[in-house]
Every structure is written in C-alpha cells, then in structure tokens.
Amino acid sequence: MAENEAPDAGTPMIEMRHVHKWYGDFHALTDINLEVRKGERVVVCGPSGSGKSTMIRCINRLEEHQQGQIIVAGIELTSDLKNIEATRREVGMVFQQFNLFPHLTVLQNLTLAPIWVRKLPKNEADEIARSYLERVRIPEQADKYPGQLSGGQQQRVAIARSLCMKPEIMLFDEPTSALDPEMIKEVLDVMVELAQEGMTMVCVTHEMGFARTVADTMVFMDRGEIVERGSPQEFFANPKSERTRLFLSQILAH
Amino acid sequence: MADITQELPIAAETPPPRTHGLVGWLRVNLFNSVFNTILTLLALYFLAVTIPPVIRWALVDAIWSAPNGQACRGAMGQEGGACWAFIGEKLRFILFGRFPYAQQWRPLLVVVIFVALILASCDRRLWGRRLVLLWLAGLAAVGVLMWGGVFGLSYVDTLLWSGLPLTLIFAVVGVAFAFPFGILLALGRRSRLPAVRAISVGYIELVRGVPLITVLFMASVMLPLFLPTGFTIDKLLRAQVAFILFAAAYLAEVIRGGLQAIPQGQIEAADALGLGYWQRTRLIVLPQALAMVIPPLVNTFIGTFKDTSLVIIIGLFDLLGTVNAALADANWQGFYVEAYVVVAAIYWSFCFFMSRYSQMLEREFSKGRQR
C-alpha cells in the first residue's frame, strides 16, 4: 500500500471552489469543492448522469462553469482565452472515444501539438513521440493510421499523445468504457504505470480494481454533487452515505 | 438433437453456370433474366439505329476542306455530312478570338501553361508549398503573356482577350479566389460570434438567391453608374470579381456540409491539446471536412467552369462567345452543329478531367482510413 500514502505534502494542482454549472434549467454541478495536490491520484465514480464527466471537463474548460472558482496549476480559468490555452498545455486529457485524428498517422497524432503548440523542431518531437509509443508498448504502429488499430491500441496512442505535451496533470474521462473487455487491461496497465511514476491524475472510471490499486482519494458523485470522498480503504470498507453504499453494491455485485 | 447430426445423402448437383469468361460475363450481366434480355436487345437495337448515321455524318460524308460555306454545302451529298472545313477555317478564331492575330502564340502558350499546371497538380510528390509556388509562377506568366507591355511584348487590352484562355482564366482565377473565400464564409456561418455569423449567413443567402446573370449585369452596367466619373474598373476584372463572389457563396455551403460532419470529439481533442482556433481549423477540421466533400466540391467547380460562358451577356468573348461570333460570318453561315460539337468537346474534356481528378483525390484521401 505504499502508493496510497497521503500526499498532503504536495502543492495544490487543481482547486475547485463552490463550482456550479447549469444546462438550461438543469443543475449539472452543485457546489463542487475539490482539491487535488501534486502527485495525487483521484478516482471519481458515480452513476451515469451524476456529473462526473462534466466536472472533469470543467478542469480544462471543455465545459464552462457558471459560478465558483477553478484554479489549475496556479492559473484561474476564466473566459480569458490565453489562460485557457495555457491551462490546456499543462493538462492532458484522455477521452472515452479516443478522439484520435483519423487523417493523421499515429506518429503525426503524437507530434502535432508538440510541434504547433510547444514549437518543438520536428525531429525532437518525433523522438519524444517514439519514446512514448515505446512506453505504451506499440512502437511498431507509428506509421499506421488510427483506423487500422484496435480500440485498446488507439486508447494507448491517445494516452501517449497527451503525454507528449509533458503535462502536469492527466485527466481520464472513462478511458476504458468504450473498449472490449479483453483490451481494458492493456490500457489500465499503462495508467497504473503512469500513476506509479507520480503523475497527478483525475480519473473518471468504473474500474474499481484499478481504483483500489492506484487511488489516493476516491470521490463519489451523484446528482451533480460530491456525496462522499475518502481514502479507498475507508471508501470501500465503510462508505458513510447510503447512496454510496447502494452504488457500490450495484457495481460490485457481479 | 440427434436428427441434426444425422448424415443425409448428398444429392448429385450440376455445377453452377459459368460466371467468368466472355460468355459467363454476358450471361451474368446482360441476359440474366427475361426482362434484362429484353432491355439488352432494345439497347442493341437503339445503338444500331443511332451510331451508323452519326459516324456517316461525322466521318464518311464529312467535308474536310472547302473555300467557303457555299462550296461546303455544294460538296455534300443529299444526306449531308459535317462541314469540318468550317472548323478548320475558324478554329484559331474560336480558340483565341479577337486577340491580335500575329500575337496569338501568347494565348496559345497560356493554354499550354494552364494544362501543364493542372497536370502537375496530379502529382502527389509536388503537393505542398512547391505546387503553390508553381501555380503562382504560372499565373504570373499568364498575366505577362496576356497583358504584355513588358519584355518587348506589345500591350493587349483586356477587351481583346477572348476564347479558351479567357474561359480558363475566369475559371481558374475564380476558383482560386472563391475557394478560400468560401472557406471563410463557411467558418463564419458556424462562428460563435453573432455579428460574423449574421454577415456570413446574410451574404450567402443574398448571393445564392439571385441569378448569376443579374450579378454580372450589376457588375458591368450598374457599378460604373455609382462610381465617380473618370474612375473606371476594368470590365474583365468586374466580371471576374462577380464570379468569385458568386462561386464563393455556393462553395461555402458545400464546405459547411463537411464542417458539420466533423465529430465534436475531434474539436475537443484539439482543444484539450492546447491548439488555438486557427491551428485547430487548419490542422484538424479542414483537412477532414474538405476530404469528405470532394464530390460536391468538384461538382461546384464544374458548374463554375461552365458558368463562365455567361459572360457573353456583358459583351466578353469567352469560348462560347467566339463560337457565336464565328457563326455570324456571312461566308460560313449555318454550321451550328459542327461549331457546338467542337465547343462541347472542349468543355467536356476539361470537365471530365476534373471529375477523374476528384476520383483520384478521393482514393488518395481514403488511404489508411479503412480498417
């Protein structure tokens, strides 16, 4: 349980204070308060429609919050485009549907942002990209197009693509939900490795095994609120709230 | 369960009918049912009735040389054949029109340059900055050759530009400017900024709602009335601008179709990587959107190419204009069919090329997409 040490020594990387969001009349996020410290691994779970994805997408402003404060890596997210782009450079995101660029090869997917956003020379970007492909164990796929890869391979490319920007924080939005069961493990393995290297991570996922292995903090959301948070031991052994208990019984039943 | 695995005697079967070889092909494609057999026979009958007379008119009974129209008609038999002598006499005028006769090597060279540029665009190895430079150099050469006034070439007024070079200039310059303008309009129509969106929508709907002829008329007749006296804009330029503005509105809507087909996830992935709006648009959105709309894009290009023939209405002599002028010659009256067959063949060869080119592009862009 070495990786579950309380990381309170770290500086805060993400601070969300009294964050609210509405879609029309629907209150999607209600008074969200969350602090993620450097190197902390937070796993967010909850029933579908509970606002997990919306919350994580607010952190790099793919969704806009309407009330409250979000400070990421010391930069407050407002409508200021410069701040948003600066934040996004430091925050990597992995999506449920991979969202690789189908018209570019794997290598081009990886080098695009380093070349255009970080302004790296092409050969340097290539080198970094190949080293990350090595780490996600698909160096031989560099010149293929995403459509020629399996789902698990595509998701690993997507992780590598985010890592090429050398982000401070990685966000995972249900990274294994669109995968066939036999491919989930290869993606989770990569994520566990990343966690062990000390990456600050926020993962929305239903993979409770993964959560037990890597999480420092479990967050349970329901109906747009954070209902419960705590260490995984606490969270799985004696959940405080009735809603958490119900959710866990449903998800761990089979 | 038992009777499923029970062994049944296999009946002897005759082999299926042949499906390859000439006989097999005929059977599968032309005579595979009573109805199709009837259709095939009808089609054969139709071809037998129409093809021989066309060949007789165009080749067998055709007159290849004659001093004038009278002689041509006199030389024909009762049936009447094509008078290609008319084309032989007038081809140079049809192609280059009123451009000074002694200088007509210049428009000829212009046509050669255009064809060379178009062929060069087919070579994938040249794609990119080099091709753009090649086109810019080519267009500069076209300008020098047509206008003259430098390098010892005599100056030729744009009112004398005519025939095939004029058609090609209208089409190529029109598409070259209308395409980027159309992209901007399409992006504008999907912009988050209300003013940009309103202007784009207003422009597209206004221009699409009026016939090209009225736009050309406005450009050539009305515009000068509004300009201060003594201030004139070249008539050719006015028509060219009218073309660009018109084609851009159509292209914008085609491109918008492609933009709308891009999944939101692509845009989010680009945003999440920190790409700005223009980087995202240029690197992620447009390459995918444009590849998706190649068939309707080329459709619009072909339409624009043929629409250039409408400039005849404001007194410019494009390819169709020079043909009409050639037909007005009192010595050679009434050879409409010959003239229009030739013009149609010229238009067709350019359009057919565009269509083949678009198929090549589609193949090129779909490489690696299929699983």
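Since the structure is predicted, the reported quantities are computational estimates derived from the model, not experimental observations. Numbers restart at 1 for each chain; the letters A, B, ... are given by sequence-line order, proteins then strands.
Across every non-hydrogen atom of A:E85 and B:G274, the tightest pair is CG-O, 4.4 Å. Across every non-hydrogen atom of B:A269 and A:F101, the tightest pair is CB-CE2, 3.9 Å.
Considering A:M93, A:R88, A:R61 in turn, A:R88 is the only one that fulfils the side-chain contact (heavy atoms from CB on, under 4.5 Å) rule with B:D271.
If you take CD on A:Q97 and CD on B:Q264, they are separated by 13.5 Å, rounding to the nearest 0.5 Å. Of the inter-residue distances, the one linking B:L275 atom CG with A:L112 atom CG reads 5.5 Å to the nearest 0.5 angstrom. Of the inter-residue distances, the one linking A:E63 atom CD with B:E268 atom CD reads 7.0 Å to the nearest 0.5 angstrom. Here NE2 of A:H103 is found 7.5 Å from CG of B:L283. Values are rounded to the nearest 0.5 Å.
Neither the backbone nor the side chain of B:R280 comes within contact range of chain A; no heavy atom of the residue lies under 4.5 Å from a heavy atom of that chain. Interface remark: A:L100 contributes backbone atoms only to the contact with chain B (heavy atom separation under 4.5 Å).
The 12-atom threshold is exceeded at OH of B:Y277, counting heavy atoms of other residues, nucleotides or ligands nearer than 6.0 Å. The number of heavy-atom neighbours closer than 6.0 Å to CZ of B:R356, taken from other residues, nucleotides and ligands shown, is 12 or below.
In this structure a side-chain-to-backbone donor-acceptor pair under 3.5 Å is present from B:Q279 to A:W116. Side chain of A:N60 to main chain of B:A272: no donor-acceptor pair is present (N/O by atom type, distance under 3.5 Å, no hydrogens or angles).
Contact annotation for residues 169-193 of chain A against chain B (heavy-atom separation below 4.5 Å): no residues qualify.
At a threshold of 4.5 Å between non-hydrogen side-chain atoms, the residues B:L273 and A:V117 do not count as touching.
For A:E90, the side chain to side chain donor-acceptor pair (under 3.5 Å) test picks out no residue, with sequence neighbours left out.
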